[in-house]
Amino acid sequence: MAWWRRTWLKLRARVRPVPEIPSSLWLHVLQRHPFLQALSLEEKSKLRALSALFLHNKQFSGANGLVVDDRMALTIAAQACVPLLYRGDASRAIALYDDFVGIVVHPGTMVATRDVHEGAGLVSQRRMMLEGEAMERGPVTLSWAAIDQNPTAQAERGTSVVIHEFCHKIDMRNGGADGYPALPAGFLGIQAAAEARKAWEHTWTQAFEQFRHAITKAERFGETAPWLDAYGATAPAEFFAVACEAFFVNRGRFAHEWPQLDRMLAGLFHWPTPPLHP
Ligand SMILES: [Zn+2]
């Protein structure tokens with residue numbers, strides 16, 4: 001986005017008062033999502049403030065005739081803001097999403113043609129079914145059908161397409177989505193940035209290889225698949241986004257299955273360890 005547009009949007013956000021989220025709507029969205037309902041009172045009140053700012057700053061549009069109503073917009077805003085809960089005060093935390101304004105919601109799964117890199121410089125075009133997509137410095141696209149699934153089943157699986165796409169956006173802050181987001185200063189008590197990055201790289205590379213191996217064994221030999229969306233095995237960026245979903249939606253299970261990644265994500269998002277609400 002051009003600098004003048006960013007500046008203008010920031011000015012506009014400062015000038016216009018941030019409307020409050022009506023209580024009945026807020027309670028409805030909390031009650032529908034077990035992982036939001038499980039937050040402490042303090043976390044819920046911060047999430048409400050963050051969601052109000054988010055709704056104030058972003059522009060929702062529906063594709064294929066879909067009308068994005070307040071309940072849909074808040075369902076997206078509240079989940080998108082969960083990763084920001086411990087990233088400083090609301091206005092500072094929301095800045096992590098200041099590189100884009102538009103959120104496009106499709107009624108169903110999207111079909112898109114994308115370049116697939118086959119290795120050795122070969123690129124082919126494939127039609128893909130997408131539940132969401134995040135563009136670098138561009139809009140986030142989401143499928144409402146993918147968002148509006150059974151919340152209890154999503155909690156058990158540790159999935160949220162909203163968190164997935166917004167964690168790609170966080171990953172993209174320092175370049176493309178690659179599973180290496182910018183780490184906060186003093187990450188896990190490590191002072192030197194290069195050392196912190198090395199610790200991140202080492203842990204994630206090892207976990208990704210272990211996960212890919214386990215998924216291959218499950219697919220080929222029928223062994224029990226690990227608890228985490230198999231889509232994470234397609235690329236390090238997807239593994240990061242899938243791990244973020246599980247961390248925020250079912251932290252108790254995630255911390256049990258992937259303790260080393262739980263430590264990394266708690267360090268990245270400044271979340272308390274051990275979890276306040278496993
Ligand atoms: Zn993804």
Side-chain angles (χ1 to χ4, degrees), residues 35 58 63 75-84 96-97 99-100 102-118 123-149 153-155 157-182 200-201 203-205 207-212 214-216 219 225-251 254 257-258 261 264-265 268-269:
F35 74 103
K58 302 290 174 238
T75 297
I76 294 167
Q79 295 186 63
C81 289
V82 167
L84 310 182
L96 263 177
Y97 295 149
D99 61 313
F100 70 103
I103 296 164
V104 184
V105 188
H106 284 250
T109 308
M110 298 160 270
V111 182
T113 309
R114 292 286 177 272
D115 287 345
V116 177
H117 298 267
E118 312 268 16
V123 179
S124 68
Q125 286 213 318
R126 270 192 221 155
R127 277 165 73 78
M128 302 171 100
M129 307 293 281
L130 301 176
E131 294 192 335
E133 195 169 39
M135 279 177 70
E136 200 179 339
R137 290 188 292 276
V140 171
T141 307
L142 293 159
S143 147
W144 180 250
I147 296 170
D148 198 30
Q149 288 175 18
Q154 290 194 67
R157 292 198 310 264
T159 57
S160 157
V161 64
V162 176
I163 290 181
H164 183 106
E165 297 309 331
F166 281 86
C167 285
H168 275 321
K169 288 299 276 187
I170 291 172
D171 183 8
M172 287 169 182
R173 295 285 303 191
N174 60 346
D178 54 7
Y180 295 100
W200 179 276
E201 200 170 320
T203 305
W204 285 88
T205 308
F208 179 63
E209 286 312 320
Q210 184 192 334
F211 185 62
R212 262 210 324 191
I215 291 290
T216 308
E219 282 169 357
W227 180 84
L228 208 53
D229 189 343
Y231 184 62
T234 55
E238 298 307 336
F239 186 56
F240 168 73
V242 157
C244 288
E245 290 180 63
F247 176 83
F248 290 115
V249 177
N250 190 340
R251 177 133 187 231
F254 182 73
E257 302 278 347
W258 298 93
L261 298 184
M264 292 282 130
L265 292 181
L268 173 65
F269 294 108

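Whatever order the structure lists ligands and atoms in, that order sets their numbers, starting from 1.
- Between the side chain of S143 and the main chain of G108, a donor-acceptor pair closer than 3.5 Å is present.
- Considering just the N/O/S atoms of E238, the one nearest the Zn ion (ligand 1) carries the name OE1.
- Under a 3.5 Å cut-off, the side chain of W227 and the backbone N or O of W258 do not form any donor-acceptor pair.
- Looking at K169, its side chain never comes within 3.5 Å of a backbone N or O of F100 through a donor-acceptor pair.
- Counting backbone and side-chain atoms alike, E133 contributes no N/O/S atom closer than 2.8 Å to the Zn ion (ligand 1).
- Counting only N and O atoms by type, the side chains of E133 and H168 include no donor and acceptor under 3.5 Å apart.
- Rounding to 10°, one obtains 90° for the angle at the Zn ion (ligand 1) between NE2 (H168) and NE2 (H164).
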